[in-house]
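Quick notes on the structure that follows.
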Amino acid sequence: AMVDSKCVGAVVSKLDLHKKTIRRGYIAMLAVEKDYRKRGIGSKLVSLTIEQMIKEGCDEVVLETELSNKPALALYENLGFVRDKRLFRYYLNGRDAFRLKLWLN
């Protein structure tokens, strides 16, 4: 995401075949500079990513976020993601994560 020729946000994602039948999108990272948060930039980046995945025949989108990351959980849940699974000690710091999933079909 660009604001006045400055990059203030980015999303990293991929789309591949899961279990040889499901076209699964994966959001690996979403980052928005602190001074630019709460402006809808993160939601817009994720929405654009999902739109592109739909165009490419994606069936579902998954991601992980830290259990305590309330802003991220709210952002993704507002976009229709649901908490699919709790991943114990998922991160290197020993903290737990939620796997979130959005079914598209």
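For this chain, numbers begin at 1 and follow the sequence in order. Just so it is clear, the structure is predicted and the values come from calculations on it, not from any experiment.
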Does one hydrophobic cluster hold both [X] and [Y], with members joined at side-chain heavy-atom distances below 4.5 Å?
| X | Y | value |
| --- | --- | --- |
| Leu63 | Tyr90 | no |
| Leu100 | Leu104 | yes |
| Tyr76 | Leu15 | no |
| Leu102 | Val11 | yes |
| Val62 | Met53 | no |

request  = Answer yes or no: does atom CZ of Arg37 have more than 12 heavy-atom neighbours from other residues, nucleotides or ligands under 6.0 Å?
outcome  = yes

task = Using modelled atom types only, decide if a donor and an acceptor are shared between the side chain of Asn78 and the backbone of Ala74 within a distance under 3.5 Å.
result = yes

ask   = Donor-acceptor pair, Asn93 side chain versus Arg95 backbone, under 3.5 Å?
value =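 Yes.
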
request  = Indicate whether the side chain of Tyr26 and that of Glu60 have a donor and an acceptor atom separated by less than 3.5 Å.
outcome  = no

key: Residue pair Glu66 / Tyr91, side-chain donor-acceptor N/O under 3.5 Å   =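 The answer is no; no qualifying pair exists.
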
remark   = From the list Val8, Val46, Leu30, side chain to side chain contact (heavy atoms under 4.5 Å, CB included) partner of Ile41 resolves to Val8

message = Leu48: which residues meet the side-chain contact (heavy atoms from CB on, under 4.5 Å) condition with it, sequence neighbours left out?
response =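 Partners of Leu48 by the side-chain contact (heavy atoms from CB on, under 4.5 Å) criterion, ordered by chain and then number, come out as Lys44, Glu51.
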
task = Determine, for Arg24 against Asp16, whether the closest basic-nitrogen to carboxylate-oxygen distance falls under 4.0 angstrom.
result = no

About how many Å separate [atom2] of [Y] and [atom1] of [X], when rounded to the nearest 0.5 Å?
| X | Y | atom1 | atom2 | value |
| --- | --- | --- | --- | --- |
| Ile22 | Leu17 | CD1 | CG | 9.0 Å |
| Arg83 | Arg99 | CZ | CZ | 15.0 Å |
| Ser43 | Leu75 | OG | CG | 3.5 Å |

Min side-chain heavy-atom separation [X]-[Y] under 4.5 Å:
| X | Y | value |
| --- | --- | --- |
| Asp96 | Leu87 | no |
| Trp103 | Val82 | yes |
| Thr49 | Ser47 | no |
| Lys6 | Glu33 | yes |

Looking at every non-hydrogen atom in both residues, tell me the closest pair between [X] and [Y] and how far apart they are.
| X | Y | answer |
| --- | --- | --- |
| Asp59 | Thr21 | OD2-O, 4.1 Å |
| Arg86 | Leu67 | NH2-CD2, 3.1 Å |
| Thr65 | Ala72 | OG1-CB, 3.4 Å |
| Cys58 | Gly25 | SG-N, 3.4 Å |
| Leu45 | Ala10 | CD1-N, 3.6 Å |

